[in-house]
Amino acid sequence: MMAMPHTLSVLALFALLFVLTNNGAEASHKIYSEYQTLSVENVNQVHRTGYHFQPPRHWINDPNAPMYYKGLYHLFYQYNPKGAVWGNIVWAHSVSKDLINWESLEPAIYPSKWFDNYGCWSGSATVLPDGEPVIFYTGIVDKNNSQIQNYAVPANLSDPYLREWVKPDDNPIVNPDANVNGSAFRDPTTAWWADGHWRILIGSRRKHRGVAYLYRSKDFKKWVKAKHPLHSVQGTGMWECPDFYPVSLSGENGLDPSVMGQNVKHVLKVSLDMTRYEYYTMGTYDKKKDKYFPDEGLVDGWAGLRLDYGNFYASKTFFDPSTNRRILWGWANESDDPQKDKDKGWAGIQLIPRKVWLDPSGKQLLQWPVAELEKLRGHNVQLSNQMLDQGNHVEVKVITAAQADVDVTFSFSSLDKAEPFDPKWAKLDALDVCAQKGSKDPGGLGPFGLLTLASENLEEFTPVFFRVFKAADKHKVLLCSDARSSSLGKELYKPSFAGFVDVDLTDKKLSLRSLIDHSVVESFGAGGRIAISSRVYPTIAVFEKAHLYVFNNGSETITVKNLNAWSMNTPVMNVPVKS
């Protein structure tokens with residue numbers, strides 16, 4: 001994919017609409033040529049994460065092709081080896097035995113041949129039935145961002161580290177035909193097998209319509225475009241980083257990409273270049289027609305379901321055969337400006353990998369941080385049956401609040417004080433409701449939750465909180481992660497991120513887990529029914545001066561039924577592999 005700042009100004013949106021209207025060459029990433037090749041000497045540690053994936057320095061974006069091979073997890077990702085802004089992109093490569101501690105290798109793929117001389121952009125990995133991994137990636141062939149699809153294979157299959165990759169001379173495997181916008185044609189998916197053919201998707205657009213083009217192959221080298229796309233949606237703009245995979249109708253186990261049958265749904269996720277967020281649908285894949293049909297009632301467009309309602313983009317899943325899980329990776333960009341990125345010497349993190357499975361209702365996906373993360377848990381503090389009246393905030397002490405894992409269940413005795421849901425809000429995004437009804441605004445049932453990365457006197461804090469409303473036919477639960485009060489710093493993007501949670505309130509409980517790591521707060525509400533990630537840059541609440549509180553600003557008394565908070569240890573993070 002092409003990278004750009006996470007924010008999207010009105011001016012930038014009009015510019016993108018102009019490009020889309022004219023079906024012209026795509027160039028949505030912001031170029032800071034003066035910073036692209038400024039190698040970093042000193043790295044500022046103030047906001048660097050302690051247990052999230054990031055290299056020692058410089059820019060990163062998409063997690064390209066996660067996979068499992070001969071006992072090792074491999075993560076390839078877009079990386080600028082020469083600076084802390086987007087540019088000079090190569091496929092960096094790291095390996096891990098547990099998804100938490102990582103060692104770095106030399107870049108796996110970098111511009112070197114005519115079919116990728118101007119860039120090696122995102123793609124995917126497929127492990128073939130004989131165990132051989134193959135990488136598909138987008139190559140840039142000229143200064144006009146003309147895009148084609150290439151493949152690479154390991155030089156030595158006996159090496160579990162897959163240190164060296166070869167780009168055969170019979171590349172490219174896919175060229176855009178005359179009916180495809182060649183500068184909006186990228187990010188090939190993991191392949192799946194059905195009825196004698198392999199299949200892949202490639203993200204694109206036709207004017208305003210987002211498109212997932214389908215290609216078939218018998219031998220994994222000669223690929224033929226299908227007569228029609230797998231799926232397309234008018235008005236959504238360019239589809240980047242498509243992801244297409246099956247999920248089981250029962251249980252939490254993941255499935256190999258080629259699994260079909262009556263006990264399976266399929267998921268189609270796309271990253272929206274115009275909005276810089278993602279959405280997904282679930283539905284039926286007709287392998288005879290090679291068409292995907294979203295379930296009736298799901299929103300198939302900008303207002304659809306999201307894997308994460310915050311700073312989260314270019315996500316990619318893979319099937320882990322060693323544990324029968326489907327695992328999700330996602331990228332979180334910085335929310336400061338390029339000058340600050342240059343000064344601190346780094347930009348971008350990968351969020352904690354998540355297990356993904358289908359909710360028993362069949363209406364959405366559930367996700368949860370991989371269990372291996374719990375190995376990093378250190379000192380533990382617990383609260384139970386702590387009452388919170390309106391205006392109360394209680395500190396969770398004796399943990400490292402800047403680097404923590406917090407899991408809490410809140411309970412309440414009644415739903416009667418839930419505020420009326422304004423019918424006008426039905427036309428708004430949840431984040432607009434959060435902006436109107438923030439953590440400081442007194443309510444009925446909520447706001448209640450956590451004040452993360454807070455200064456002692458609350459000059460800075462990032463609240464993650466619930467608010468319950470009474471609509472005409474049911475209660476609506478809002479989860480917010482509100483960065484507006486996160487920092488006294490200037491020239492920062494400090495949005496209110498939010499989403500409505502589809503949860504049963506019969507037991508009058510709501511759970512929240514937040515992964516706090518210096519400049520990121522990753523939150524999971526109601527057992528993984530919603531996730532929101534925020535990037536924040538406190539100026540006071542850093543290192544040992546960061547605090548953590550539970551709070552309630554609603555008139556309904558809230559009980560902290562159970563709270564567990566752990567200081568998180570720092571894993572091995574991208575030290576070079578010893579030869």
Side-chain angles (χ1 to χ4, degrees), residues 4-9 13 47 49 52 269 271-272 274-280 302-315 328 330-336 348-352 354 364-365 367 369 406 425 428-441 446-454 460-469 476-487 489 492-503 510 512-526 528-538 551:
M4 65 178 285
H6 190 74
T7 55
L8 187 66
S9 67
L13 182 56
H47 293 121
T49 60
H52 282 73
K269 184 277 307 182
S271 303
L272 300 174
M274 284 184 65
T275 64
R276 308 311 287 178
Y277 61 71
E278 307 185 320
Y279 84 92
Y280 73 91
W302 286 12
L305 293 167
R306 300 190 206 174
L307 293 168
D308 193 300
Y309 287 79
N311 189 333
F312 182 92
Y313 197 70
S315 68
L328 167 71
W331 165 57
N333 199 358
E334 301 303 308
S335 296
D336 55 9
I349 62 171
Q350 306 298 353
L351 295 166
I352 296 299
R354 307 169 182 179
Q364 66 171 90
L365 297 176
Q367 50 190 313
V406 188
W425 294 341
L428 298 179
D429 194 295
L431 59 85
D432 297 315
V433 181
C434 178
Q436 291 183 30
K437 292 285 192 177
S439 64
K440 300 177 185 178
D441 185 58
F448 62 86
L450 300 174
L451 303 179
T452 71
L453 295 173
E460 296 179 330
F461 60 93
T462 300
V464 185
F465 61 93
F466 291 106
R467 199 161 192 141
V468 182
F469 299 95
K476 295 181 74 71
V477 178
L478 183 71
L479 179 65
C480 298
S481 182
D482 192 349
R484 289 178 296 174
S485 56
S486 63
S487 176
L492 298 174
Y493 177 48
K494 297 186 287 187
S496 303
F497 289 132
F500 288 105
V501 194
D502 186 4
V503 58
L510 284 168
L512 176 64
R513 184 179 180 189
S514 289
L515 307 177
I516 305 162
D517 198 1
H518 299 279
S519 65
V520 61
V521 181
E522 256 186 283
S523 297
F524 302 84
R529 286 174 175 80
I530 185 172
I532 305 177
S533 299
S534 293
R535 298 301 310 277
V536 294
Y537 307 91
F551 82 99

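We're numbering straight along the sequence, starting at 1. Only this structure's heavy atoms are used, side chains among them; waters, hydrogens and symmetry mates stay out.
- Applying side chain to side chain contact (heavy atoms under 4.5 Å, CB included) to Cys480 and the options Ser534, Ser439, Cys434, Ser496 leaves one that passes, Cys434.
- Scanning both residues, Trp331 and Ala314, for their nearest heavy atoms gives CE3-CB, 4.3 Å.
- A search for salt bridge (charged side-chain N to carboxylate O under 4.0 Å, His left out) contacts involving Asp308 returns Arg354, not counting sequence neighbours.
- A donor-acceptor pair under 3.5 Å links the side-chain atoms of Ser487 to the main chain of Tyr537, judged by distance alone.
- For the atom pair CD1 of Ile530 and CG of Leu512, the computed distance is 10.5 Å after rounding to the nearest 0.5 Å.
- Of all heavy-atom pairs spanning Phe448 and Leu510, the tightest one is CZ-CD1, 3.9 Å.
- Without hydrogens or angle criteria, Glu522 side chain to Ile352 main chain gives a donor-acceptor distance under 3.5 Å.
- Put simply, the side chain of Tyr277 gets close to the backbone of Trp302: a donor and an acceptor are under 3.5 Å apart.
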Quiz item: Stepwise, does the side chain to side chain contact (heavy atoms under 4.5 Å, CB included) test hold for Phe524 with Leu515?
Solution: CA-CA 9 Å; Phe524 302 84; Leu515 307 177; 4.1 Å; yes
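- Between Gln436 atom CD and Trp425 atom CH2 the span is 6.5 Å, to the nearest 0.5 Å.
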Self-check item: Steps toward salt bridge (charged side-chain N to carboxylate O under 4.0 Å, His left out) verdict (Arg306, Asp429)
Solution: CA-CA 12 Å; Arg306 300 190 206 174; Asp429 194 295; 3.1 Å; yes
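- For the pair Ile532/Val521, no side-chain contact is recorded, criterion being any heavy-atom separation below 4.5 Å from C-beta on.
- Between Arg467 and Lys437, the closest heavy-atom pair is NH1-O, 3.5 Å.
- Put simply, the side chain of Gln367 never gets that close to the backbone of Ala531: no donor and acceptor are under 3.5 Å apart.
- Using a 4.5 Å cut-off on side-chain heavy atoms (C-beta onward), His52 and Leu351 make contact.
- Side chain of Glu278 to main chain of Lys269: no donor-acceptor pair is present (N/O by atom type, distance under 3.5 Å, no hydrogens or angles).
- For Asn333 (side chain) and Asn311 (main-chain N/O), no donor-acceptor pair under 3.5 Å exists by modelled atom type.
- Remark: the backbone N or O of Pro538 is paired with a side-chain donor or acceptor of His47 at under 3.5 angstrom.
- Taking CZ from Phe497 and CG from Asp482, the interatomic distance works out to 10.0 Å, rounded to the nearest 0.5 Å.
- Applying the side-chain contact (heavy atoms from CB on, under 4.5 Å) rule to Ser485 yields the partners Phe461, Pro463; only residues at least two apart in sequence or on another chain are considered.
- Taking all atoms of both residues into account, the shortest heavy-atom contact from Phe466 to Val477 is CD2-CG1, 3.8 Å.
- For the atom pair OG (Ser481) and CZ (Phe465), the distance works out to 9.0 Å, reported to the nearest 0.5 Å.
- In this structure, Leu365 and Tyr280 approach most closely via the heavy-atom pair N-OH, 2.9 Å.
- Under the 3.5 Å distance criterion, the side-chain polar atoms of Glu460 are left unmatched by any main-chain donor or acceptor of Ala454.
- Checking side-chain atoms of Thr452 against main-chain N and O of Thr462 turns up a donor-acceptor pair under 3.5 Å.
- Looking at heavy atoms from C-beta onward, Leu479 lies out of side-chain contact with Tyr309 at the 4.5 angstrom threshold.
- The shortest heavy-atom contact between Ala435 and Arg484 is O-NH1, 3.0 Å.
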